[in-house]
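The structure appears below as structure tokens.
For clarity, every value in this text was computed on a predicted model and none was experimentally measured. Excluded from the calculations below are hydrogen atoms, water molecules and symmetry mates; all remaining heavy atoms, backbone and side chain alike, are included.
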Amino acid sequence: MTLRLHNTLTGAKEVFAPLEEGHVRMYTCGPTVWNFAHVGNLRAFLFYDLVRRHLNVAGYRTTHVMNLTDIDDRILDQAMHAGTTIAEYVKPYEAAFFENMASLRAERAEHYPRATEHIPEMVDMISTLIKHENAYVADGDVYFRIASFPKYGALSHLDRAGLKAGARVAADKYDKESVSDFALWKKAHPEDEKLGAAWDAPFGRGRPGWHIECSAMSKRYLGDTLDIHSGGVDLMFPHHENEIAQSEAANHKTFARVWLHSEFLADATGEKMSKSAGGFTTLRDLVAAGHDPLAVRFFLIANAHYRSRVRLSTEALHAAAEQVRRLREFADRVKRTPAAETDDGELAKRTAEVRAAYREALDDDLNLPQGIGLAFDHIREANAALDAGRVGALNKVALLALIDDMDAHLDVIRAEEPGLAAEVERLIAEREEARRSRDFARADRIRDDLKSRGIALEDSRDGVRWRRISRVT
RNA sequence: GGCGACGUAGCCAAGUGGUAAGGCAGAGGUCUGCAAAACCUCCAUCCCCAGUUCGAUUCUGGGCGUCGCCUCCA
């Protein structure tokens with residue numbers, strides 16, 4: 001089983017092997033905590049989660065770093081309007097980010113470095129770049145000299161001529177040598193002091209530019225060369241391109257060996273969801289509309305391949321919720337069904353084949369949608385076998401192994417249900433009483449009532465089962 | 001203007017040079033007090049045109065359409 005990943009740098013799927021045997025160093029671009037993350041942001045973050053989970057499945061230990069950008073122009077603006085410091089302004093959004101990640105069941109990264117806590121590392125790197133003449137000071141600001149880095153544009157495949165032809169580069173008010181030179185350090189303005197957004201540096205008091213934090217913090221936690229660097233496609237240019245320029249000019253080493261970029265999420269109109277464009281949807285919005293975070297998770301990682309665009313829609317979320325429901329139902333059924341006398345040997349063999357095929361799909365550039373499709377096909381077969389009483393002890397073990405394989409990525413199957421409220425339990429008992437006395441009208445009334453409150457009941461030979469259901473139809 | 005992606009059933013979506021996984025929705029059944037769940041059956045020739053080929057949805061060219069990046073952006 002060979003893991004192959006699509007490397008943006010080469011535009012091809014490549015066999016993946018980390019620099020250090022058995023250990024993957026991975027840096028992923030995290031949130032700018034100036035606002036609540038929208039579902040598009042969350043898609044990227046869950047993509048990182050999928051990557052790290054599959055690396056673990058493939059037997060690698062991971063050191064995963066995800067930065068928190070807690071200083072940038074938007075934060076400065078907002079903090080100013082709010083009359084507070086950037087550190088205070090950012091707090092609730094940072095907390096919301098971690099809440100989102102938890103309810104979407106993303107595994108925690110090993111490190112979540114904050115930009116403002118790594119100013120010295122950035123200052124060091126900028127000093128090195130100035131010394132090497134890859135950067136220059138202009139009126140208190142420091143810029144990276146793109147002319148000093150011939151490889152610039154290799155990742156995004158944009159050449160300098162193309163950039164100029166864009167003609168959208170604003171007329172610059174600063175003394176940059178070239179319009180495409182980008183800021184490493186911005187001179188402090190008086191108002192920055194009140195916001196707590198100014199630091200001393202050999203080249204003048206100020207604050208860091210956006211890109212330098214990733215170069216400095218990845219070096220601090222992962223060293224000069226990363227195995228994997230990933231982010232949304234929209235970070236490819238200029239952000240990732242700039243990171244490469246800074247890091248490689250400063251360290252004289254390959255910065256990241258593999259670049260993974262996840263496609264964006266579109267809103268209902270089919271256009272990219274973005275904060276600046278106005279309308280965007282947060283996890284909180286979806287939950288308020290009755291969607292289960294587990295369905296949102298499934299939708300974001302399993303509905304479509306990470307390199308294809310997806311459109312957020314109620315229908316798609318509902319389909320995702322149904323798939324989650326089916327998976328959970330199946331897992332539950334396999335677990336609670338007593339082993340049959342007969343064990344269908346063919347079924348066990350097929351289960352092993354499906355497990356292998358599932359793994360292969362994931363190894364092929366993380367094709368989770370394909371893997372899920374294969375699994376669902378088999379689940380139908382397994383359900384039929386359960387109906388027919390052909391699932392014995394061996395088959396149960398095999399099927400549970402398949403479920404575990406899937407849940408290693410999905411993590412929506414074994415996620416535990418919230419406990420039953422005492423009142424709901426009482427109502428179920430009451431309904432059972434009504435059924436025993438054949439008062440079906442009353443029994444149905446109770447069931448309907450529970451359903452409207454998001455609890456579905458199923459009568460079966462071995463008792464009443466309940467489960468939470470999506471309130472969205 | 002430059003660079004790029006995509007266009008598969010009502011919806012979402014995987015995929016391959018040899019006549020198209022899966023999920024949702026829908027229809028009909030089995031089971032059940034009724035439901036639900038589960039299972040069974042039904043439901044597409046892959047945007048258009050031309051070319052390469054024994055054969056293309058899959059390769060090449062053109063067209064149409066949608067979208068992205070080139071500017072803050074996951």
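Separation of the P atoms belonging to B:U58 and B:A25 is 32 Å when rounded to the nearest angstrom. A gap of 7 Å separates the C1' atoms of B:A14 and B:G22, to the nearest Å. One C1' atom belongs to B:A20, the other to B:A56, and the distance between them is 13 Å to the nearest Å. As rounded to the nearest Å, B:U45 and B:G65 have P atoms that lie 25 Å from one another. If you take atom C1' in B:C12 and the same atom in B:U19, they sit 25 Å apart, rounded to whole Å. Nucleotides B:G61 and B:A27 place their C1' atoms 44 Å apart, quoted to the nearest Å. B:U66 and B:U8: their P atoms are spaced 14 Å apart (whole Å). Separation of the C1' atoms belonging to B:C72 and B:A9 is 40 Å when rounded to the nearest angstrom.
The residues A:Lys186 and A:Asp73 are annotated as salt-bridged, a charged nitrogen and a carboxylate oxygen being separated by less than 4.0 angstrom.
Across all strands shown, the partner of B:U30 is B:A38, judged by Watson-Crick or G-U wobble contacts whose two distances both fall under 3.5 Å. Applying the Watson-Crick and G-U wobble criteria (two distances, each under 3.5 Å), B:A25 pairs with nothing in any strand. Of the nucleotides present, none pairs with B:C43 by Watson-Crick or G-U wobble criteria with both distances under 3.5 Å. Pair check for B:U19 finds none; no Watson-Crick or G-U wobble contact set falls under 3.5 Å. Pairing partner, B:C6: B:G65, with both Watson-Crick or wobble hydrogen-bond distances short of 3.5 Å. When both pairing distances are held under 3.5 Å, B:G1 makes a Watson-Crick or G-U pair with B:C70. Nucleotide B:A50 forms a pair with B:U60, judged by Watson-Crick or G-U wobble geometry with both contacts under 3.5 Å.
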Requested in this report: Quick one: do A:Ser230 and A:Trp259 satisfy side chain to side chain contact (heavy atoms under 4.5 Å, CB included)? Show the steps, please.
Outcome: CA-CA 6 Å; A:Ser230 88; A:Trp259 286 86; over 6 Å; no
Query raised in the report: Between A:Glu213 and A:Asn67, does a side chain to side chain contact (heavy atoms under 4.5 Å, CB included) hold up when you go through it step by step?
Result: CA-CA 8 Å; A:Glu213 64 175 89; A:Asn67 64 298; 2.9 Å; yes
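The distance between the ring centers of A:His261 and A:His6 does not fall below 6.0 angstrom.
In this structure, CG of A:Leu312 is placed 17 Å from P of B:C11, rounded to the nearest angstrom. For the pair A:Gln323 CD and B:A21 P, the interatomic distance rounds to 17 Å; values are reported in whole Å. In this structure, CE of A:Met273 is placed 18 Å from C1' of B:C72, rounded to the nearest angstrom. Whole-Å rounding puts the A:Met236 CE to B:C3 P distance at 15 Å. The OH atom of A:Tyr306 sits 13 Å away from the P atom of B:A14 (whole-angstrom rounding). B:A21 atom P lies 12 Å from atom CG of A:Leu374, rounded to whole Å. Put simply, NE2 on A:His261 is 15 Å from P on B:A5, counting in whole angstrom units. The CD-C1' distance, from A:Gln78 to B:C72, rounds to 13 Å in whole Å.
At a cut-off of 3.5 angstrom, the base of B:C72 holds no donor-acceptor pair with the side chain of A:Arg74.
A ring pair (Phe, Tyr, Trp, His ring centres under 6.0 Å) with A:His38 is found for one member of A:Phe280, A:Phe45, A:Phe97 and no other, namely A:Phe280. Of the candidates A:Leu42, A:Asp292, A:Asp49, A:Val324, A:Asp49 is the only one forming a side-chain contact (heavy atoms from CB on, under 4.5 Å) with A:Arg297. For the pairing with A:Asn395, the side chain to side chain donor-acceptor pair (under 3.5 Å) check across A:Thr351, A:Asp343, A:Asp344 returns one residue only, A:Asp343.
Nucleic acid contact class of A:Leu42 (heavy atoms, under 4.0 Å, all strands): none. Contacts of A:Asp377 with the nucleic acid, taken as non-hydrogen atoms under 4.0 Å apart, involve only primed sugar atoms and P, OP1 or OP2. Using a 4.0 Å heavy-atom cutoff across all strands shown, A:Phe376 reaches sugar-phosphate atoms only and no base atom. Contacts of A:Gly373 with the nucleic acid, taken as non-hydrogen atoms under 4.0 Å apart, include base atoms. Residue contacts for A:Ser308: at a heavy-atom cut-off of 4.0 Å it reaches the sugar-phosphate backbone alone, with no base atom in range.
Between A:Tyr306 and A:Val51, every side-chain heavy-atom pair lies at or beyond the 4.5 Å cut-off. With a 4.5 Å cut-off on side-chain heavy atoms, A:Arg52 and A:Glu110 count as touching.
Comparing B:G15, B:C12, B:G68 by their closest approach to the side chain of A:Asn303 singles out B:C12. With B:G15, B:A5, B:A13 as the candidates, the nucleotide lying closest to the side chain of A:Pro369 is B:A13.
Using a 4.0 Å cutoff on non-hydrogen atoms, no part of residues 90-105 of chain A comes near RNA chain B.
Within the 3.5 Å criterion, the main-chain N or O of A:Gly153 finds a donor-acceptor partner in the side chain of A:Glu241.
Under the 30°/60° scheme for interplanar angles, the aromatic rings of A:Tyr358 and A:His409 are found to be tilted.
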Query raised in the report: How does protein reach along nucleotides 32-42 of chain B, written 5' to 3' as B (base within reach of a heavy atom under 4.0 Å), S (only sugar-phosphate), or - (no contact)?
Result: -BBBBSSSS--
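The residue among A:His157 and A:Gly231 whose nearest nucleotide of RNA chain B lies closer to the 5′ end is A:His157. In terms of position on RNA chain B, the residue among A:Arg311 and A:Tyr48 whose nearest nucleotide sits closer to the 5' end is A:Arg311.
Not counting sequence neighbours, A:Asp407 has no partner by the side chain to side chain donor-acceptor pair (under 3.5 Å) test.
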